[in-house]
Amino acid sequence: MNMTVERISYLHENQISDFMYEIQHTLRPGIEADALAIRRAVTLVRNNAITSYRYGANPEDFMISLEGGVPADVRLSFDRMETACTCGSFGWCSHRIATVFHLYSQFHSLTDWLHEWRRAESQQLALSISERTPDAWIDVLSRLTQPLRTFDQSDNPGIFIHESSLIDQKAIPLTPFEWEWKPLFELYYRLHLLDAGWAYIQTHLNGNFASFQYGKWYIQNWLIEQLDKLQACISAIGAKPKLFETDAFHERLKELVRTFALRHPGLFEKRFQVYRLFWEHLYPNPKERATEMTILSKDPSEEARIFIAFFHLMQGNHEEVKELAKDMDANHVELWLPLAQLAEGLEEIETLSVMMHAISPFIGEYVNNAIAVSNRPLFVRTIDGLLEAADFPEKLREEMFSQYGTAGVDVYADFLVERERFAEWAALMHRYGVSLDSADAGGLKLALAKDPVAVIPLLHTYAMKCIQEKNRHSYRRAVKLFKKMKTGAKKSGKIDFWNQYIDTVREKNRRLRALMEEMEKGNLNL
């Protein structure tokens with residue numbers, strides 16, 4: 001026999017309130033699994049998934065049928081205050097919650113209950129954060145940022161960003177009122193936010209921060225924003241006198257930063273940036289750094305070696321860096337490059353030279369195996385800049401270009417132009433089929449001014465390609481190239497050669513009337 005939902009709600013209002021009280025105090029919004037069960041239950045209610053109420057074995061038992069993704073039957077026993085569900089889940093599954101919500105919503109606002117449920121969690125967090133200890137902060141911030149740990153790579157980046165924004169809003173009332181403590185709490189919060197979201201970030205970016213696909217662009221901007229805020233917090237703390245009460249927080253912070261930098265995979269450059277920010281600006285004391293190096297020395301990972309090398313770099317200990325870098329291989333290039341770039345920025349040329357000599361034998365293998373084709377030209381330019389800053393002999397730098405392949409063409413072209421080796425530059429353009437626009441943006445104008453004879457054969461190749469396109473616009477481009485060649489021939493005193501050359505071009509293309517017209521307008525003879 002079926003019953004109306006309104007009558008059941010009216011007859012068992014007290015028992016329904018008891019069920020709601022149990023749900024409220026059993027499930028917590030800060031636990032993702034609990035929050036997900038509540039959201040699914042609300043969706044079932046709003047989608048009218050509950051189709052019927054029937055009497056069970058006794059007058060106090062009711063059987064409720066639900067449709068949806070997975071149909072289920074729920075039994076509510078008001079005399080024993082028990083529930084059961086055919087879905088097989090233990091405890092408060094979304095089906096059981098949905099039936100109680102549906103009954104409760106007949107005479108009460110389910111929306112108001114949900115707001116109160118979420119607000120109660122915020123109040124509990126605020127109560128916990130009032131205990132000003134590192135453990136209290138870590139416990140609350142871990143629970144606050146927990147939702148970011150549940151994201152899978154397939155989840156939409158927009159949802160990740162939205163969840164992060166909600167967490168930002170929840171963190172505002174937890175912030176201490178005292179200005180002395182605000183930046184330190186913000187630092188703890190930002191570090192927890194990065195830690196919680198790192199698994200999603202690094203898998204979503206696939207370890208490639210230089211990619212600019214639309215979805216990754218969202219995550220890249222979020223990561224950059226978090227790092228900027230982290231740096232702002234560190235600057236604010238470093239500009240103020242340190243309180244005695246904050247010593248315990250700073251000691252715990254060192255542990256958190258070390259764990260973040262060493263225990264997460266991927267995007268090492270960003271992890272190194274975080275670690276460096278803390279130890280460069282917050283902990284300059286030599287004793288603190290020595291203690292940190294001792295702790296790092298017990299870690300067998302290559303990342304730990306990099307951080308030890310970082311401290312030696314800061315102290316100018318070149319020999320120690322050389323010792324740490326002696327066991328280099330191609331897998332370590334990515335880890336050592338951020339340190340090399342830091343050495344360049346600090347103008348520690350001797351230490352940079354040590355690192356680049358250790359890295360250089362493996363750069364070619366690393367470029368061709370670990371760097372995406374689209375990112376290789378920029379990477380090669382970065383490497384060559386480091387080699388130049390490290391005062392590498394020009395012969396060694398030039399030998400490196402043979403390892404880069406086509407990715408190093410632009411950088412090698414600049415290398416040759418800087419040394420006014422224009423004949424070799426033109427041969428490089430020929431060898432790799434560099435376009436006219438690229439050559440013109442590179443060293444073509446300078447080559448025409450300095451050594452026009454060296455580039456006339458190259459301009460001839462470009463002009464012939466334009467003529468082969470057989471349209472008036474291309475003919476005009478060809479004539480412009482002929483004018484550049486004419487200027488170069490005149491400057492070099494090769495007047496007879498030029499007149500013979502241009503006459504030969506006319507003779508071979510005399511049937512191309514439009515070309516002949518453009519060449520006549522160009523007045524190409526000397």
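Just so you know, these numbers come straight off a predicted model, no measurement behind them.
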Evaluation steps, side-chain contact (heavy atoms from CB on, under 4.5 Å), between Asp195 and Leu256: CA-CA 9 Å; Asp195 184 71; Leu256 293 174; over 6 Å; no
Ile201 side, atom CD1; Gln226 side, atom CD - distance, nearest 0.5 Å: 8.0 Å
Heavy-atom side-chain proximity of Val74 to Thr86 below 4.5 angstrom: no
CD-CG distance between Glu344 and Leu337, expressed to the nearest 0.5 angstrom: 11.0 Å
Student check: side-chain heavy atoms of His102 and Thr99 closer than 4.5 Å: no
Minimum heavy-atom distance between Phe268 and Pro338, given as atom pair plus value: CD2-CG, 4.2 Å
OG on Ser297 to CD1 on Ile308, rounded to 0.5 Å: 5.5 Å
Closest non-hydrogen atom pair between Trp137 and Pro176, with its separation: CZ2-CG, 4.2 Å
Plane angle bin for Phe151 and Phe160 - parallel if under 30°, tilted between 30 and 60°, otherwise perpendicular: perpendicular
Tyr404/Phe379 under ring-ring contact (aromatic ring centres under 6.0 Å, His included): CA gap, chis, key distance, verdict: CA-CA 10 Å; Tyr404 304 145; Phe379 179 82; 8.2 Å; no
Full working for side-chain contact (heavy atoms from CB on, under 4.5 Å) between Tyr283 and His250: CA-CA 9 Å; Tyr283 311 120; His250 281 283; 3.1 Å; yes
Inter-residue atom distance Ile97.CD1 - Tyr104.OH, 0.5 Å rounding: 15.0 Å
Heavy atoms of other groups near His281 NE2, more than 12 under 6.0 Å: yes
Test item: Tyr55 and Met63 side chains (from C-beta on) under 4.5 Å apart, heavy atoms: no
Heavy-atom neighbours of Glu347 CD exceed 12 at 6.0 Å: no
Arg289 side chain vs Phe311 backbone, donor-acceptor pair below 3.5 Å: no
Enclosure of Arg149 CZ (heavy-atom neighbours >12, cutoff 6.0 Å): yes
Salt bridge flag under 4.0 Å for residues Lys229 and Glu225: yes
Flag for Tyr275-Glu280: side-chain donor and acceptor within less than 3.5 Å: no
Backbone of Val367 reached by a side-chain donor or acceptor of Arg376 within 3.5 Å: yes
Any donor-acceptor N/O pair, Arg75 side chain to Cys85 backbone, under 3.5 Å: no
Arg40 atom CZ: more than 12 heavy-atom contacts under 6.0 Å: no
Nearest-0.5 Å distance that lies between atom CG in Leu267 and atom CD in Glu334: 8.5 Å
Shortest non-hydrogen separation from Ser94 to Leu44 and the atoms involved: O-CD1, 4.0 Å
Ala340 to Leu386 - nearest heavy-atom pair and separation: O-CD2, 4.0 Å
Under 3.5 Å: donor-acceptor pair, side chain of Thr382, backbone of Leu378: yes
Smallest separation among heavy atoms of Leu187 and Cys233, with atom names: CD1-CB, 3.7 Å
Side chain Thr51, main chain Ser65, donor-acceptor under 3.5 Å: yes
Backbone of Gly364 reached by a side-chain donor or acceptor of Asn368 within 3.5 Å: yes
Test item: side-chain donor near acceptor, Asp168 and Tyr189, under 3.5 Å: yes
ring-ring contact (aromatic ring centres under 6.0 Å, His included) between His332 and Phe362, intermediate numbers included: CA-CA 9 Å; His332 299 155; Phe362 311 101; 8.7 Å; no
Any Gln15 side-chain heavy atom under 4.5 Å of Met20 side chain: no
Within 6.0 Å of NZ in Lys322, more than 12 heavy atoms from elsewhere: no
Cation over ring face, Arg132 and Trp181, 6.0 Å, 45°: yes
Passing candidate, ring-ring contact (aromatic ring centres under 6.0 Å, His included) with Phe272, options Phe278, Phe310, Trp279, Trp336: Phe310
pair Glu348-His318: side-chain heavy atoms closer than 4.5 Å: yes
Minimum side-chain heavy-atom gap Glu251-Glu288 below 4.5 Å: yes
Salt bridge flag under 4.0 Å for residues Arg258 and Asp299: no
Glu22 atom CD: more than 12 heavy-atom contacts under 6.0 Å: yes
Check: Asp384 side chain, Val380 main-chain N or O, donor-acceptor pair, under 3.5 Å: no
Main-chain N/O of Phe249 paired to Tyr188 side chain as donor or acceptor, under 3.5 Å: yes
Polar contact flag, side-chain donor to acceptor under 3.5 angstrom, His192-Thr145: no
Sidechain-backbone polar pair: Arg271 side chain, His264 backbone, donor-acceptor under 3.5 Å: yes
Trp113 vs Ile23, side-chain contact (heavy atoms from CB on, under 4.5 Å): CA-CA, chis, key distance, verdict: CA-CA 11 Å; Trp113 183 91; Ile23 292 172; 4.0 Å; yes
Over all atoms of both residues, closest heavy-atom pair of Asp61 and Ser77: OD1-OG, 2.8 Å
Close side-chain approach of Leu148 and Tyr200, heavy atoms under 4.5 Å: no
Donor-acceptor side-chain pairing of His95 and Asp73 below 3.5 angstrom: no
Trp198 and Lys270: CA distance, side-chain angles, deciding distance, side-chain contact (heavy atoms from CB on, under 4.5 Å) verdict: CA-CA 11 Å; Trp198 196 262; Lys270 300 303 173 184; 3.9 Å; yes
Side chain to side chain, Leu339 and Thr351, heavy atoms closer than 4.5 Å: no
Nearest-0.5 Å distance, CG of residue Leu205 to CH2 of residue Trp217: 13.5 Å
Residue pair Ser438 / Ser435, side-chain donor-acceptor N/O under 3.5 Å: yes
Sidechain-backbone polar pair: Lys170 side chain, Leu144 backbone, donor-acceptor under 3.5 Å: no
